[in-house]
Amino acid sequence: MSLLQDMLVYNEEFVREQKYEKFITGKFPNKKMVILTCMDTRLLELLPQALNLSNGDVKIIKNAGAVVVHPFGSIMRSILVAVYELQADEVMVIGHHDCGMSALHSDSMVEKMKERGISDETFATLQHSGINLEKWLTGFDSVSDSVTHSVEMIKRHPLLPSGVPVHGLVIDPKTGKLDLVIDGY
């Protein structure tokens with residue numbers, strides 16, 4: 001049986017046995033906050049537990065590295081939707097130690113792409129279209145600096161209302177210990 005089939009079989013049981021009932025909540029965050037964090041698997045359950053969060057308490061946005069790359073990309077749009085449409089009054093950016101983005105190098109990733117069948121022609125087309133893969137596929141050296149950069153991108157966004165606190169933290173993916181980088185108050 002495939003991973004997808006395993007998940008679908010479990011889902012049938014989950015719904016049939018009404019296991020979803022303990023997760024029922026509204027669409028507005030109880031604690032009126034939106035969190036941008038990393039998609040790292042170690043944070044899936046650890047982060048909410050470390051922050052004493054339950055289902056429905058906050059909006060959580062995840063991407064590689066908890067990074068706001070572009071002021072008008074999907075991450076910033078999601079933050080603005082949370083603030084204007086979903087009653088979030090605060091923003092928190094949480095990076096983590098031992099992040100895969102700190103070890104990301106474009107040349108290595110491009111080689112892996114080629115090994116999996118992406119052609120030189122595709123790379124040439126992207127380059128001629130103005131896509132700088134070396135810059136786009138680069139990580140960061142310091143998680144604290146990366147969190148600071150994302151906080152600043154959010155705080156200085158022309159569409160974010162003044163007075164919205166934007167906090168920055170770094171979590172230890174083993175212990176859940178949080179280090180404050182920026183107190184948005």
Side-chain angles (χ1 to χ4, degrees), residues 7-8 10-11 14-102 136 139-140 142-185:
M7 289 178 172
L8 291 174
Y10 175 81
N11 180 258
F14 181 85
V15 173
R16 184 176 55 252
E17 294 180 10
Q18 298 178 332
K19 294 179 181 179
Y20 57 83
E21 288 181 343
K22 67 181 180 178
F23 301 105
I24 293 175
T25 186
K27 71 178 182 177
F28 301 111
N30 298 327
K31 294 190 178 182
K32 299 194 178 294
M33 178 178 281
V34 57
I35 295 174
L36 169 61
T37 192
C38 186
M39 63 185 192
D40 190 290
T41 57
R42 297 171 290 179
L43 302 182
L44 184 65
E45 292 186 45
L46 178 67
L47 180 68
Q49 291 296 310
L51 293 171
N52 191 31
L53 298 176
S54 297
N55 196 48
D57 280 348
V58 299
K59 294 294 182 184
I60 297 182
I61 303 165
K62 294 185 174 202
N63 74 355
V67 177
V68 179
V69 177
H70 192 282
F72 291 95
S74 64
I75 297 298
M76 194 63 221
R77 179 180 58 217
S78 296
I79 291 169
L80 292 171
V81 166
V83 169
Y84 284 105
E85 297 294 326
L86 301 173
Q87 302 176 359
D89 294 332
E90 298 188 36
V91 180
M92 187 178 286
V93 177
I94 305 176
H96 66 93
H97 298 292
D98 190 33
C99 184
M101 287 297 287
S102 66
W136 189 60
F140 48 77
S142 162
V143 67
S144 294
D145 290 349
S146 179
V147 166
T148 299
H149 174 265
S150 291
V151 166
E152 290 302 316
M153 289 273 285
I154 297 165
K155 264 185 9 182
R156 295 172 189 234
H157 198 279
L159 298 177
L160 188 75
S162 64
V164 172
V166 183
H167 314 288
L169 297 100
V170 177
I171 189 170
D172 182 319
K174 292 180 184 138
T175 66
K177 181 183 183 308
L178 290 161
D179 296 317
L180 182 63
V181 177
I182 295 174
D183 181 337
Y185 296 126

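Annotation for Cys38 and Gly65: closest pair SG-N, 3.3 Å, computed over non-hydrogen atoms.
Within the 4.5 Å cutoff, side-chain heavy atoms of Met92 are placed close to those of Met33. Inter-residue side-chain proximity for Lys19 and Tyr10 is flagged as met; some heavy-atom pair is nearer than 4.5 Å. Within the 4.5 Å cutoff, side-chain heavy atoms of Leu47 are placed close to those of Ile171. You'll find the side chain of Thr37 stays beyond 4.5 Å of the side chain of Ile61, heavy atoms only. Considering only heavy atoms from C-beta on, Val58 comes within 4.5 Å of Ile60 through its side chain. Two residues are said to be in side-chain contact when any heavy atoms from C-beta on lie closer than 4.5 Å; Pro161 and Val83 meet this criterion. Side-chain contact between Val67 and Phe140 is present, with heavy atoms from C-beta onward closer than 4.5 Å. The closest side-chain heavy-atom distance from Asn55 to Ile24 is not below 4.5 Å.
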Side-chain atoms of residues 93-102: list all donor-acceptor pairs with protein atoms under 3.5 Å, sequence neighbours left out, distances to 0.1 Å.
| residue | atom | partner | partner atom | Å |
| --- | --- | --- | --- | --- |
| His97 | NE2 | Asp179 | OD2 | 3.4 |
| Asp98 | OD2 | Arg42 | NH1 | 2.9 |
| Ser102 | OG | Cys99 | O | 2.6 |

Pair Ile182-Thr148, side chain to side chain contact (heavy atoms under 4.5 Å, CB included): steps then yes or no: CA-CA 7 Å; Ile182 295 174; Thr148 299; 4.0 Å; yes
Working for side chain to side chain contact (heavy atoms under 4.5 Å, CB included), residues Glu90 and Val164: CA-CA 6 Å; Glu90 298 188 36; Val164 172; 5.5 Å; no
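Rounded to the nearest 0.5 Å, atoms CG (Leu51) and CD1 (Ile35) are 5.5 Å apart. Atoms CD and CG, from Gln49 and Leu43 in turn, are 13.0 Å apart once rounded to the nearest 0.5 Å. We find the NZ-NZ distance between Lys59 and Lys27 to be 8.0 Å, quoted to the nearest 0.5 Å. Between the CG atom in Leu180 and the OG atom in Ser144 there is a gap of 10.0 Å [rounded to 0.5 Å]. Here Leu86 contributes atom CG and Asp89 contributes atom CG; the two are 11.5 Å apart, rounded to the nearest 0.5 Å.
Residues satisfying the ring-ring contact (aromatic ring centres under 6.0 Å, His included) criterion with Tyr185, sequence neighbours excluded, are His167. Taking the side chain to side chain contact (heavy atoms under 4.5 Å, CB included) definition, one finds that Glu45 meets it with nothing, sequence neighbours left out. Asn63 pairs by the side-chain hydrogen bond (donor to acceptor under 3.5 Å, both in side chains) definition with nothing, not counting sequence neighbours. Applying the ring-ring contact (aromatic ring centres under 6.0 Å, His included) criterion to Phe72, with sequence neighbours excluded, gives His157.
Screening Val91, Leu159, Val166 against Ile79 for a side chain to side chain contact (heavy atoms under 4.5 Å, CB included) leaves a single residue, Val91.
At most 12 non-hydrogen atoms from other residues, nucleotides or ligands lie less than 6.0 angstrom from CG of Asn52. Environment of CD in Glu85: sparse, with no more than 12 heavy atoms of neighbouring residues, nucleotides or ligands closer than 6.0 Å.
Note on residues 148-174: pairs passing salt bridge (Lys or Arg N to Asp or Glu O under 4.0 Å), not counting sequence neighbours, are Glu152-Lys155, Glu152-Arg156.
Not one N or O on the side chain of Asp57 forms a donor-acceptor pair closer than 3.5 Å with the backbone of Lys31.
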